[in-house]
Amino acid sequence: DGGITQSPKYLFRKEGQNVTLSCEQNLNHDAMYWYRQDPGQGLRLIYYSQIVNDFQKGDIAEGYSVSREKKESFPLTVTSAQKNPTAFYLCASGEGGTGELFFGEGSRLTVL
Amino acid sequence: GQQLNQSPQSMFIQEGEDVSMNCTSSSIFNTWLWYKQDPGEGPVLLIALYKAGELTSNGRLTAQFGITRKDSFLNISASIPSDVGIYFCAGPYSGSRLTFGEGTQLTVNP
């Protein structure tokens with residue numbers, strides 16, 4: 001079945017460690033996105049990529065990094081520079097700039 | 001980034017009641033979208049609106065693209081327990097970027 005897969009679903013890390021969240025899609029979408037969700041704040045855009053080997057910063061990119069070496073994959077690294085990394089992270093993919101996105105099930109990161 | 005004001009922030013209703021929520025923007029949007037997020041899951045697209053004044057239904061859900069292009073409304077009729085979740089409005093700006101409202105948390109009491 002076509003879809004978008006995030007892993008891991010839950011992740012615990014110590015403060016100061018880098019963490020990489022995986023996002024894979026088999027929908028053949030050109031565009032992929034990473035959002036962060038905190039309680040009561042909706043979804044905030046971290047990074048997005050419209051094509052392989054290209055990506056742009058979103059509204060809250062500081063402390064995060066991404067890569068887009070393959071169309072199917074868009075991993076997100078939460079670096080030690082991110083001041084408040086504990087959050088629910090959502091990956092999405094879409095086509096044509098319509099805003100019709102398909103989301104993964106999310107990864108909940110807790111930094112101890 | 002672009003800001004969307006969504007209201008109400010939360011709603012507590014009885015099963016069978018109708019629900020209304022809305023979203024406003026300071027800027028004109030060419031597209032309005034409504035997503036629903038079940039607890040612990042990613043959002044799922046419910047309805048997409050592409051034309052000012054457009055009224056679109058999806059089962060018990062009806063959404064409207066405001067005539068000013070700065071607002072949108074979502075109505076749910078005859079609510080059921082599985083309607084529980086967070087409802088987000090969203091609109092694209094600056095190419096393929098999508099901005100989301102802060103969500104309306106819906107609780108349905110059986």
Side-chain angles (χ1 to χ4, degrees), chain A residues 3-10 21 23-25 27 29-51 54-62 68 74 87-109, chain B residues 1-11 21 23-25 27-51 54 56 58 63 65 69 72 85-107:
Chain A
I4 183 163
T5 302
Q6 289 186 240
S7 64
K9 193 166 178 67
Y10 299 96
L21 307 180
C23 180
E24 303 277 333
Q25 55 103 356
L27 299 167
H29 287 157
D30 285 320
M32 296 187 75
Y33 307 81
W34 275 104
Y35 286 89
R36 170 179 171 142
Q37 185 175 23
D38 296 285
Q41 292 194 40
L43 307 180
R44 293 184 290 168
L45 182 64
I46 304 173
Y47 268 98
Y48 66 106
S49 168
Q50 294 178 280
I51 199 167
D54 186 47
F55 49 83
Q56 287 80 40
K57 293 182 179 180
D59 301 316
I60 56 165
E62 186 176 349
R68 187 82 188 278
F74 191 39
F88 190 51
Y89 291 89
L90 286 159
C91 180
S93 69
E95 198 63 77
T98 63
E100 297 185 20
L101 301 185
F102 291 79
F103 283 85
E105 293 188 342
S107 293
R108 187 168 298 280
L109 171 63
Chain B
Q2 189 60 264
Q3 295 289 329
L4 295 181
N5 296 311
Q6 188 172 349
S7 65
Q9 282 189 323
S10 61
M11 302 183 75
M21 58 192 79
C23 203
T24 60
S25 169
S27 302
I28 289 174
F29 277 359
N30 292 319
T31 303
W32 280 97
L33 306 115
W34 286 92
Y35 286 82
K36 182 197 176 192
Q37 184 179 30
D38 288 331
E41 303 289 330
V44 173
L45 180 66
L46 297 174
I47 293 178
L49 302 158
Y50 296 104
K51 188 177 176 182
E54 180 181 356
T56 298
N58 178 5
F65 193 143
R69 295 164 64 190
S72 181
I86 305 176
Y87 292 80
F88 292 102
C89 61
Y93 73 100
S94 185
S96 58
R97 297 175 65 145
L98 191 65
T99 190
F100 286 81
E102 293 184 351
T104 295
Q105 174 76 61
L106 179 63
T107 301

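Below, chain A is the first sequence line, B the second, and so on; all start at residue 1. It should be emphasised that the depicted structure is a prediction, and the values quoted were computed from it without experimental measurement.
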Inset, instruction - Could you tell me which portion of A/Gln6 (side chain, backbone, both or neither) has an atom closer than 4.5 angstrom to a non-hydrogen atom of chain B? - result: neither
Inset, instruction - Might you point out which heavy atoms bring A/Leu43 and B/Pro43 nearest each other, and give the distance in Å? - result: CD1-CG, 3.9 Å
Legend entry - A/Leu101 portion near chain B, given a 4.5 angstrom heavy-atom threshold: both
Inset, instruction - Kindly give the heavy-atom pair with the smallest separation between A/Phe88 and B/Glu41, and that separation in Å. - result: CE2-O, 3.8 Å
Inset, instruction - Report yes if the side chains of B/Arg97 and A/Gln56 come closer than 4.5 Å at any heavy-atom pair, otherwise no. - result: no
Inset, instruction - Look only at the side chain of A/Tyr48 and the backbone of B/Leu98, and say whether a donor-acceptor pair between them is shorter than 3.5 Å. - result: no
Inset, instruction - Might you confirm whether atom CG of A/Leu27 has over 12 heavy atoms from other residues, nucleotides or ligands at distances under 6.0 Å? - result: yes
Legend entry - Taking every non-hydrogen atom, the tightest pair across A/Gly99 and B/Leu33: O-CD2, 3.5 Å
Inset, instruction - Give, for atom OH of A/Tyr35 and atom CZ of B/Phe100, the distance between the pair rounded to the nearest 0.5 Å. - result: 4.5 Å
Inset, instruction - Calculate, to the nearest 0.5 Å, the distance between atoms CZ and CG belonging to A/Phe102 and B/Leu45 respectively. - result: 7.5 Å
Legend entry - Closest heavy-atom pair and its distance - B/Gly40, A/Lys9: O-NZ, 3.4 Å
Inset, instruction - Below 4.5 Å from any heavy atom of chain B, which atoms of A/Leu45 appear? Answer side chain, backbone, both or neither. - result: side chain
